[in-house]
Each structure stands twice: as C-alpha cells, then as structure tokens.
Protein chains: 2
Amino acid sequence: MAGTKERIVGTTGELFRRQGYPGTGLKQIVAAAGAPFGSIYHFFPGGKQQLAAEVIRTSGRAYQQLVEAILDQAPDAITAVETGFAAAAETLVATGYADACPIATVALEVASTDETLREATAEVFAAWVDSGAMRFERWGFAPDDARRLATVLITSLEGAFVLCRAARNTEALAAAASAVRAAVREVSSPEGR
Amino acid sequence: MAGTKERIVGTTGELFRRQGYPGTGLKQIVAAAGAPFGSIYHFFPGGKQQLAAEVIRTSGRAYQQLVEAILDQAPDAITAVETGFAAAAETLVATGYADACPIATVALEVASTDETLREATAEVFAAWVDSGAMRFERWGFAPDDARRLATVLITSLEGAFVLCRAARNTEALAAAASAVRAAVREVSSPEGR
DNA sequence: GTCTATAAACCGATAGAC
DNA sequence: GTCTATCGGTTTATAGAC
C-alpha cells in the first residue's frame, strides 16, 4: 500500500524511461498514477523539475540494487559480466525493448538543457561506478583497474541499450559483452601490457 | 548559400542533439533557422515527424562520413580506435559536452513511442555498423569479427557519450577506448579462444 | 491534505494573404 | 515560395473549494 507520493514517483520513472522528460506530461503522470493533479504540487512544490530530480535518484538507486543483486551472486568477474548482460537481454526482450536503463534517456535530454537534473544523473552514474568498482576489487582487481572495468561495464551496457532498442534485437548487447569480457581478461592475464 | 529547407534540417539536427525530439519546438526551429513558420509545412507536409525522419537520416549520414574520414586515415584497427576516441573526446570538450552523437537522444526517445522514427534511427545505426565492419575487414579481420568489432566500437562510443555528457568529463571515453582496444587485440592474438 | 477549476503560455498544425 | 495570423489543444502552474 504505497502512498500517493511514492506512487507518483514510481509511475513517473516508468514513463520517463519510455518517453523521456519533456515527452512526459504531468497530466499523463497523474492519470497513470491514479492521483489528483494537485498532489504533484503538494508533494513537489518545485514542480516538474523537482519531481524529475527525485525520480532520477530513486530509480537510479533501485536499478543499482537490482544490478548489485545479480553481480553479488557471481563468483568471479567473467561470470558476473556474463550473467549481467544475459539478464539485461532477457529484460529487454521480455518488455518489448522498453525497459533498459531507467535514466539514460533523461540523462541525454538534460545534459545540455537543465544543470540541476544533469547533476542528478551524474550522481547516479557515479554511484553505479563506485558500486561496480567495489565489486571488481572484491574479485581481485587493483583499484584503478576495478574502477576502469566498472566504467567499461556500465558504458557498454548503456551503448548497447541504445542500439538494441533502436534495432529491436540483442545483437549489440552480445557484441558489447564480448568486449567487456576481453577487457576483463586482458587485466587478468596481462601478457601484452 | 544553403536553401531554406537545408537550413531547417541542419538547424533541427543541432537542436535535436542537445534537446531531443519532444524537447524541441517547431517555433524554436524556425526562429533559430531564420525561416518563416510556414516553410516547415511547405517542405515537410507530414509535419514534425517527417522533418524528424529527414533530420535523423541526414545527420546520421553526415556523422558517418565524419567518422569514416577519421578511420580511413588509420593504417590499422588499433590506431583507428585510438584516434577515433581521441577525436570524440576533443569534440566533446570543445563544445561544452554538447556535440556527441547526433541521434542517440532522439533514438532513445522514439524507441518506444514512434515506430516510424525508430526505424529511421535503426537504419542509421545499421549503416554505421556496415561502414565500420567494412573497414575492420580491410584491416584484416574476418567478416563476423569485423562486424562484431564495429558494433563494439559504436556501442562503446554511445555509452561513453551518455556518461561523459552527464559527468562533464572524458573518463568514460578513456575507459571505453581501453575496452575496444582489448577486444581488437583479443581477436588479433587469440590465445584464450 | 485531497481534489477541481482555471489561468497563462505554449504546442503542432492550418488557412490564406502576398 | 514566403510569411503572418490564428485555431484548437495541451502544457506547466496556481487558486481555492472542500
């Protein structure tokens, strides 16, 4: 039994993921959330921007926990990459190529248009990198390698999401996975470095 | 001395790159292009959607030629990856993290909302992969490796653009470049395959 | 605090003068 | 082919009843 505010934030997150920030109207949000229009300005006096900032941070945190749950089951980095990309592909297909990254669309939209929201997306991505780096360190990598590999993992997923959603197939996800595996292996057995 | 239509298409491309599709108004387009409002519907009877479709294909083709010009100067794949990512980082910094991929924002926005425009973005990405694959073949890679590496190159760039524009630094671009290099090297000297 | 009504501005799209 | 005026409709945001 979620409160009205939580329902608005959750619904807005789903709409942002599919339609982006300017593409989603407040009217559509309250209609989908089953909430009265005034509730938005009751809970978010700062209007659409304040709602968006909270949505970015909330769905960013939720997605991070989802990915962490997957990564933490893996015994090593290669297995983690394998299962992570497989799970992403499954979700993508199962949702008709709609549910990829919850904030990427908004991140690109606000990067040059809304400094407040850009900072919110930057914080989310930074938290993801930190979270991933911690796990790569746990799998035995040195701090800078761990940070670099976590960045590689996230950028590869994000880039593959763009191509896969456009093409409506998972080819880019498979190719991206192979590159991340290569990057992990190169550090694990550094023969040409 | 570009015609009004070409000026509208060019201006719209720049606005889409920064603000996305629903975030850019037709009024803003004609104002920025110095064209009368009626010209849009004179040249694009299908309205905003038809204009967007032409913008996606046009800027997709232009960006492809830009990248090809860089890749064709490289003697081998590793050098090409190196200079390609370096050029992307330079452009990003020089434009205040605005000029990254010309169609990624729109691609994510329309992927689940406009089937016509989604197909346009899919065609552009497919052409990019074909173009890159041809060059990797020229550098000595087998057809499927070439296609996979081209896909890796494009997805890595796209994903890095998302994080770099959000964070306003080029760290993700550097990490992504290292992964693409690793993927190329792994095929060049396949010891663990 | 919940909900409705409405304001003021803006949207895409159209009509029609020139 | 250029340009302006305007139409409905929708947007974000607010005022105020309950």
Side-chain angles (χ1 to χ4, degrees), chain A residues 1-56 58 105-106 109-110 112-118 120, chain B residues 1-58 105-106 109-110 112-118 120-121:
Chain A
M1 167 96 203
T4 303
K5 184 178 180 180
E6 288 72 25
R7 214 168 56 248
I8 289 176
V9 171
T11 304
T12 306
E14 294 175 20
L15 291 172
F16 278 4
R17 194 201 291 245
R18 292 166 174 75
Q19 310 178 343
Y21 177 57
T24 303
L26 298 182
K27 291 255 174 71
Q28 186 187 9
I29 291 172
V30 293
F37 187 80
S39 293
I40 287 189
Y41 286 89
H42 172 68
F43 293 114
F44 308 96
K48 193 182 187 180
Q49 190 193 41
Q50 186 185 347
L51 167 60
E54 185 145 336
V55 167
I56 290 167
T58 301
T105 308
V106 177
E109 287 174 328
V110 304
S112 301
T113 58
D114 191 311
E115 187 61 12
T116 302
L117 296 182
R118 180 195 68 77
Chain B
M1 166 96 198
T4 303
K5 184 178 179 180
E6 287 71 27
R7 212 168 58 250
I8 289 175
V9 171
T11 304
T12 306
E14 293 174 22
L15 292 172
F16 278 4
R17 196 201 290 246
R18 292 168 175 74
Q19 309 177 345
Y21 177 57
T24 303
L26 296 183
K27 297 251 172 73
Q28 186 187 9
I29 290 171
V30 293
F37 188 79
S39 293
I40 288 191
Y41 285 90
H42 173 69
F43 293 114
F44 307 96
K48 192 181 189 181
Q49 191 193 39
Q50 185 186 347
L51 168 59
E54 185 146 334
V55 167
I56 290 167
R57 293 198 166 86
T58 301
T105 308
V106 177
E109 287 173 328
V110 304
S112 301
T113 59
D114 190 311
E115 187 61 12
T116 302
L117 296 183
R118 179 195 68 77
T121 63

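We name chains A, B, ... by the order of the sequence lines, and we start the count at 1 in each one. None of these values were measured; they are calculated from a predicted model.
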**Prompt:** Who passes side chain to side chain contact (heavy atoms under 4.5 Å, CB included) against Ala31(A), sequence neighbours left out?
**Reply:** none
**With sequence neighbours excluded, residues passing side chain to side chain donor-acceptor pair (under 3.5 Å) with Ser112(B)** = Arg165(A)
**Message:** Please confirm whether the shortest side-chain N or O distance from Thr4(B) to OP1 or OP2 of dT2(D) is below 4.0 Å.
**Reply:** yes
**Request:** For the pair Thr11(B) (side chain) and Ile8(B) (backbone), establish whether a donor and an acceptor sit closer than 3.5 Å, ignoring hydrogens and angles.
**Result:** no
**Fill in**
Of all heavy-atom pairs linking Thr105(A) and Phe16(A), the shortest is CB-O, 4.3 Å
**Message:** Under 4.0 Å, heavy atom to any atom of DNA chain C: which of residues 42-56 of chain A qualify?
**Reply:** His42(A), Phe43(A)
**Request:** Can you sort out which residues in residues 10-29 of chain A have a heavy atom within less than 4.0 Å of DNA chain C? Ascending by number, please.
**Result:** none
Distance-only check: which donor-acceptor pairs under 3.5 Å involve side-chain atoms of residues 21-28 of chain B, not counting sequence neighbours?
| from | atom 1 | to | atom 2 | distance (Å) |
| --- | --- | --- | --- | --- |
| Thr24(B) | OG1 | Gln19(B) | OE1 | 3.3 |
| Thr24(B) | OG1 | Gly20(B) | O | 2.7 |
| Gln28(B) | NE2 | Gln19(B) | OE1 | 3.3 |

**Message:** Has Arg7(B) got a side-chain atom pairing as donor or acceptor with Ala33(B)'s backbone, closer than 3.5 angstrom?
**Reply:** yes
**Request:** Would you mind checking if Arg17(A) and Glu14(A) are paired as a salt bridge, meaning a charged N to carboxylate O distance below 4.0 Å?
**Result:** no
**Asked** When the nearest nucleotide of DNA chain D is assigned to Tyr41(A) and to Ser39(B) on a heavy-atom basis, which residue is associated with the more 5' position?
**Response** Ser39(B)
**Prompt:** Which whole-number value in Å describes the distance from Ile40(B) CD1 to dG1(D) P?
**Reply:** 16 Å
**Asked** What pairs with Glu6(B) under salt bridge (charged side-chain N to carboxylate O under 4.0 Å, His left out), at least two apart in sequence or on another chain?
**Response** none
**Item:** Among dT12(D), dC3(C), dT14(C), the nucleotide that comes nearest once only the side chain of Phe37(B) is considered
**Value:** dT14(C)
